[in-house]
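Right, one structure below, let's go through it.
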Amino acid sequence: YNGHGTATDALWAAVPLLTLPVRKMASRAAASFVHASAGQGRVTLVRDREDYVSVAARMGRSSKGRETLEALRAALLRGRHESAMFDTRRW
């Protein structure tokens with residue numbers, strides 16, 4: 001299964017999640033969390049296993065990938081109190 005509490009904790013700590021949503025609901029939990037947290041989903045939700053490996057390698061190996069990670073971290077920190085993911089008043 002996918003990360004539920006762990007994924008939530010990672011996003012709160014401004015750690016971008018790379019996730020591959022598949023058929024079963026439990027495997028898509030992290031994708032929902034990513035989508036609800038400061039718009040990082042357009043970068044870290046991948047389509048298939050090859051895309052997963054490609055995105056992970058690009059973010060880890062290239063300076064542009066590391067810049068993207070830093071931008072995602074900054075967006076998560078900025079959006080921590082504004083994103084739907086952590087809007088406890090709306091819940």
Side-chain angles (χ1 to χ4, degrees):
Y1 288 117
N2 218 291
H4 288 82
T6 305
T8 302
D9 289 346
L11 291 168
W12 180 257
V15 176
L17 296 179
L18 180 61
T19 186
L20 171 61
V22 291
R23 289 184 49 193
K24 297 193 181 224
M25 188 283 298
S27 70
R28 296 190 310 265
S32 296
F33 301 155
V34 164
H35 181 71
S37 62
Q40 72 157 345
R42 63 186 172 273
V43 177
T44 62
L45 290 176
V46 297
R47 296 178 301 265
D48 54 40
R49 290 178 184 190
E50 292 79 20
D51 196 27
Y52 188 99
V53 171
S54 174
V55 170
R58 183 173 58 247
M59 288 192 176
R61 291 182 181 158
S62 73
S63 59
K64 184 163 176 75
R66 288 187 294 279
E67 288 172 14
T68 300
L69 280 174
E70 289 302 318
L72 289 170
R73 287 184 188 116
L76 286 167
L77 284 171
R78 281 191 312 274
R80 184 186 285 172
H81 297 289
E82 299 168 3
S83 70
M85 179 68 195
F86 298 111
D87 186 354
T88 56
R89 287 186 180 158
R90 189 181 344 175
W91 292 1

Next item on the list: Give the minimum heavy-atom separation between Pro16 and Ala14, together with the two atoms involved.
Entry: CD-O, 3.4 Å
Item checked: Shared hydrophobic cluster, Leu17 / Val53 (ILVMFWY, side-chain heavy atoms < 4.5 Å) -> no
Check: side chain to side chain contact (heavy atoms under 4.5 Å, CB included) with Ser32: which residues, sequence neighbours excluded?
Finding: none
Notebook entry, point to check: Side chain of Ser54, backbone of Glu50: donor and acceptor closer than 3.5 Å?
Noted result: no
Check: About how many Å separate CZ of Phe33 and OG1 of Thr6, when rounded to the nearest 0.5 Å?
Finding: 10.0 Å
Check: Taking C-beta and beyond as the side chain, do Leu72 and Met59 meet within less than 4.5 Å on heavy atoms?
Finding: yes
Next item on the list: Would you list the pairs meeting side-chain hydrogen bond (donor to acceptor under 3.5 Å, both in side chains) in which at least one residue belongs to residues 56-72, sequence neighbours left out?
Entry: Glu70-Arg73
Note to self: Among Thr44, Val46, Leu45, exactly one meets side chain to side chain contact (heavy atoms under 4.5 Å, CB included) together with Thr19. Which residue is that?
What the structure shows: Leu45
Item checked: Residue pairs, two or more places apart or on separate chains, that pass side-chain hydrogen bond (donor to acceptor under 3.5 Å, both in side chains) and touch residues 78-88 -> Asp87-Arg90
Check: If you take all heavy atoms of Leu11 and Leu76, which pair is closest and at what distance?
Finding: CD2-CD2, 4.0 Å
Notebook entry, point to check: Can Leu77 be reached from Met85 by stepping across I, L, V, M, F, W or Y side chains whose heavy atoms are under 4.5 Å apart?
Noted result: no
